[in-house]
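Notes to accompany the following structure.
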Amino acid sequence: MINMTESAVNAVRMAIDGAKDPIAGLRIMVESGGCAGLKYKMGLVAANGDSDVTVEQRGVKVFIDPSSIPYLEGTTVDFVIGMEGSGFVFENPQAKSSCSCGKSIA
């Protein structure tokens, strides 16, 4: 369904370890918005949603709401560090197009 690179898993683990409150995992979803029509949204959560699909990647739990699954099928999430900054990058074979920020798809 979704794959996270070792770099992405390590970045999430560091964020979980640095959180002051207990964290159950990472929630990833796709919602309306962004310059291409849909945007990725992700964040650490204390609990999964009742209908979430849970995927475990190298010991990190990833929660995906059912309505986002068709948009995320086959997606690889990476964490990159570069001259212009660092952050998560989505490589999504479902995207027909995307914007230059990499956070929005159509």
Side-chain angles (χ1 to χ4, degrees):
M1 169 182 303
I2 191 168
N3 183 50
M4 295 180 69
T5 65
E6 188 173 338
S7 179
V9 169
N10 289 339
V12 173
R13 276 194 192 123
M14 285 180 50
I16 290 172
D17 291 345
K20 70 175 191 171
D21 296 321
I23 300 297
L26 176 72
R27 172 183 289 279
I28 299 177
M29 61 188 298
V30 176
E31 62 182 20
S32 294
C35 44
L38 297 169
K39 65 181 178 181
Y40 299 110
K41 185 174 179 183
M42 60 188 296
L44 300 177
V45 293
N48 62 312
D50 291 337
S51 61
D52 283 349
V53 173
T54 302
V55 178
E56 192 159 334
Q57 296 281 309
R58 297 176 183 94
V60 171
K61 289 184 180 176
V62 180
F63 307 123
I64 304 169
D65 71 295
S67 64
S68 295
I69 291 172
Y71 301 108
L72 294 171
E73 190 70 43
T75 297
T76 297
V77 181
D78 194 9
F79 185 82
V80 297
I81 299 171
M83 294 290 288
E84 297 176 9
S86 60
F88 290 95
V89 176
F90 293 81
E91 295 177 26
N92 188 338
Q94 305 298 323
K96 294 179 181 112
S97 65
S98 62
C99 67
S100 61
C101 74
K103 306 291 184 215
S104 182
I105 61 171

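- The minimum heavy-atom distance between Gly74 and Pro93, with the atom names listed, is O-CD, 3.4 Å.
- Residue Asn48 holds its CG atom at 7.5 Å from CZ of Arg27, rounded to the nearest 0.5 Å.
- Hydrophobic cluster membership differs between Met14 and Val60, with clusters built from Ile, Leu, Val, Met, Phe, Trp and Tyr side chains linked at under 4.5 angstrom.
- Across Asn3 and Gln57, no two heavy atoms sit closer than the pair OD1-OE1, 3.2 Å.
- Considering only heavy atoms from C-beta on, Phe88 comes within 4.5 Å of Val12 through its side chain.
- Interatomic distance, CE of Met42 versus CD1 of Ile64, reported as 10.5 Å (0.5 Å rounding).
- Among all heavy-atom pairs drawn from Val30 and Ser68, the shortest one is N-OG, 2.9 Å.
- Classification of the Phe90-Tyr40 ring pair by plane angle, with boundaries at 30° and 60°, yields parallel.
- In this structure, Ser67 OG and Glu31 CD are separated by 9.5 Å, a value rounded to the nearest 0.5 Å.
- Under the 4.5 Å side-chain heavy-atom criterion for Ile, Leu, Val, Met, Phe, Trp and Tyr, Leu72 and Val77 are members of the same hydrophobic cluster.
- Ala46 and Ala24 get closest at one heavy-atom pair: O-CB, 3.2 Å.
- Nearest heavy atom pair, residue Phe63 against residue Asp52, reads CB-OD2, 3.5 Å.
- Linking ILVMFWY side-chain heavy atoms closer than 4.5 Å, directly or via other members, places Val45 and Ile23 in two distinct hydrophobic clusters.
- Between atom CG of residue Asp78 and atom CD of residue Glu6 there is a gap of 10.5 Å, rounded to the nearest 0.5 Å.
- Met4 CE to Phe79 CZ: the interatomic distance, rounded to the nearest 0.5 Å, is 10.5 Å.
- In this structure, Met1 places its CE atom where more than 12 heavy-atom neighbours from other residues, nucleotides or ligands lie under 6.0 Å away.
- The CG atom of Asp65 sits 12.5 Å away from the CG atom of Asp50 when rounded to the nearest 0.5 Å.
- No donor-acceptor distance shorter than 3.5 angstrom exists from the side chain of Thr75 to the backbone of Ile2, with no hydrogens or angles considered.
- Nearest heavy atom pair, residue Pro66 against residue Ser51, reads CG-O, 3.1 Å.
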